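Input: a single structure, listed below in structure tokens.
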Amino acid sequence: MAAIVSEHLLDWYDAHARDLPWRARPGEPLPDPYRVWLSEVMLQQTTVAAVKPYFEAFTTRWPTVEALAAAPEEDVMAAWAGLGYYSRARNLVKAARAVADLGSFPDTEEDLRELPGLGAYTAAAVAAIAFGQRAVVVDANVERVVARLFALKEPLPGVRKAIRAATDAIAPDSRAGDFAQAMMDLGSSICTARDPKCLLCPLERDCRGRAEGDPALLPVKAPKKEKPVRQGRAWWIERDGAVWLVRREGTGMLGGMRALPDDGWSAKGDGTGEPPIEGHWEALGMVRHTFSHFALELTVQRSAAPEQPERAGEWWPLDRLEEAGLPTLFAKAARLALAS
DNA sequence: TAATCGTGGGC
DNA sequence: TGCCCAAGATT
């Protein structure tokens, strides 16, 4: 059974593999570990369509891990703006510098796992794809494919242990990277979450979920919690064709990113409403933004005759605002201010 | 174990 | 249009 499944899958992959920028070039057996690592981090909880332009921009600007390691962190954060989950960018810089110090990329799953931002999935994926090593690569696609293939009906997250064991059982000893990517391609294009296209699936005859009933019902997921709606304020302080930007501290929400000064809103509660400087504030309106675990209604106010804020920050030229790397929430607020 | 941490594509 | 979801890691 196990060997048959991987054979069917790899035959399908040979005919239908997607052509993606981080995959091996024709004639090269294995792709560049730097490009594999970078793509895998960008792809964490992020769609291929969203990643493509960022991958192109990063690899053009920083073609090697040494180049990325030499970059100022704030440049990398700004380049990551809009992609989300900014701890990935903070860890990316740390990992690049660690690799540069080592002199070369770690080439085992165990050593890769030591790099910041590489968890069980990413370490296994890089080991398999970039170094051809057998590894158990389990992402959300593989979870779905395997839960259906073996008709695993226990709900997530409890079923993950069984999924890992089942994946290990069907993973071949050769073509480790192709197998992992084939499972993910199958999950993203055929064995999709809502509407699996079983008639096109190379594993239809092997699939217990298909034989037993409706594979779309697997894997069973826990009900999701509702998101609270928080209130906050942000301030647009403009002088001589420049706007006052701050850099958010720490490792929490949008940590390390440039931003408008705000009133301390968070997932836990509303902001204080207290402005950063004295003065007359003009109401510009409100932007709504939904994060992973809460929604925010951000009221934007503008000051036309400001003093220099006391808090650390910088006057950023309006004609270069795109380069500031504002995360999407503050890009929305900036758009509102510039349209007012 | 469960919460935290973003965003945009696709339906 | 609102909601589901995605090549998860970290604490």
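In what follows, chains carry the letters A, B, and so on, assigned in the order in which the sequence lines appear, proteins first and then strands, with residues in each chain numbered from 1. Keep in mind it's a predicted model, so treat the numbers as computed, not measured.
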- Using the side-chain hydrogen bond (donor to acceptor under 3.5 Å, both in side chains) rule, take A:His16 and A:Asp185 through it: C-alpha gap first, then chi angles, then the decisive distance, then the call. CA-CA 9 Å; A:His16 297 99; A:Asp185 273 19; over 6 Å; no
- What integer distance in Å separates A:Phe55:CZ from C:dA6:P? 22 Å
- Item | Whichever of A:Ala193 and A:Arg113 has its nearest DNA chain C nucleotide further upstream toward 5' | A:Ala193
- Message: By nearest heavy atom, map A:Asn91 and A:Ile129 onto DNA chain C; which one lands nearer the 5' end?
- Response: A:Ile129
- Looking at A:Arg175 and A:Asp14, does any basic side-chain N land under 4.0 Å from a carboxylate oxygen? yes
- Message: Please give the distance between the C1' atoms of B:dG6 and C:dA6 as a whole number of Å.
- Response: 12 Å
- Applying salt bridge (Lys or Arg N to Asp or Glu O under 4.0 Å) between A:Asp262 and each of A:Arg233, A:Arg248, A:Arg311, report the one that passes. A:Arg248
- Euclidean distance, A:Tyr85 OH relative to A:Leu254 CG, rounded to 0.5 Å: 12.0 Å
- Message: Using a heavy-atom cut-off of 4.0 Å across all strands, would you classify A:Arg23 as base, sugar-phosphate, or nothing?
- Response: base
- Message: From CG of A:Asp139 over to C1' of C:dA9, roughly how many Å is that when rounded to an integer?
- Response: 14 Å
- Message: Under 4.0 Å, heavy atoms only, any strand: does A:Trp22 hit a base, just the sugar-phosphate, or nothing?
- Response: base
- Message: What's A:Arg18 touching, base or sugar-phosphate or nothing? Going by heavy atoms closer than 4.0 Å.
- Response: base
Would you mind writing out the side-chain donor-acceptor pairs for residues 318-326 of chain A within the sub-3.5 Å range, not counting sequence neighbours?
unit_1: A:Arg320; atom_1: NE; unit_2: A:Glu323; atom_2: OE1; d: 3.2

- Message: Whole angstroms only, please: what is the CG-P distance between A:Leu156 and C:dG8?
- Response: 13 Å
- Grab the CG-P distance between A:Asn141 and C:dC5 for me, whole Å please. 13 Å
- Query: How far, in whole Å, is B:dA2 from C:dA7 if one measures between their P atoms?
  - Reply: 23 Å
- Check the distance between C:dA6's C1' and A:Met42's CE and give it to me in whole angstrom. 16 Å
- Task: Take nucleotides 2-11 of chain B nucleotide by nucleotide from the 5' end and write B, S or -, depending on whether a protein heavy atom sits under 4.0 Å from the base, only from the sugar-phosphate, or from neither.
- Result: -SSBBBS-BS
- Message: If I pick the C1' atom on C:dA9 and the same atom on B:dT1, what distance separates them, to the nearest angstrom?
- Response: 15 Å
- Message: Just the rounded figure in Å: distance from C1' of C:dA7 to CG of A:Leu43.
- Response: 5 Å
- Taking the side chain of A:Lys224 as its heavy atoms from C-beta onward, which of C:dA9, C:dA7, C:dC4 lies nearest to it? C:dC4
- Message: With side-chain hydrogen bond (donor to acceptor under 3.5 Å, both in side chains) as the criterion, how do A:Gln181 and A:Arg23 come out once you've worked through the C-alpha distance, each side chain's angles and the decisive distance to 0.1 Å?
- Response: CA-CA 10 Å; A:Gln181 292 176 95; A:Arg23 289 191 170 168; 3.0 Å; yes
- Query: Looking for any heavy atom pair under 4.0 Å, which part of the strands does A:Ala120 touch: base, sugar-phosphate only, or nothing?
  - Reply: sugar-phosphate
- Message: Classify A:Leu38 by what it touches in the nucleic acid, base, sugar-phosphate, or nothing, heavy-atom distance under 4.0 Å.
- Response: nothing
- Message: Just the rounded figure in Å: distance from P of C:dA7 to CD1 of A:Ile163.
- Response: 14 Å
- Query: Taking CG from A:Asp195 and P from C:dC4, how many angstroms apart are they, rounded to a whole number?
  - Reply: 17 Å
- Note on the structure: Residues at least two apart in sequence or cross-chain that pass ring pair (Phe, Tyr, Trp, His ring centres under 6.0 Å) with A:Phe291, listed by chain then number, are A:Trp265, A:His289, A:Phe294
- Quick one: does A:Trp22's side chain get under 4.5 Å of A:Asp32's, heavy atoms only? no
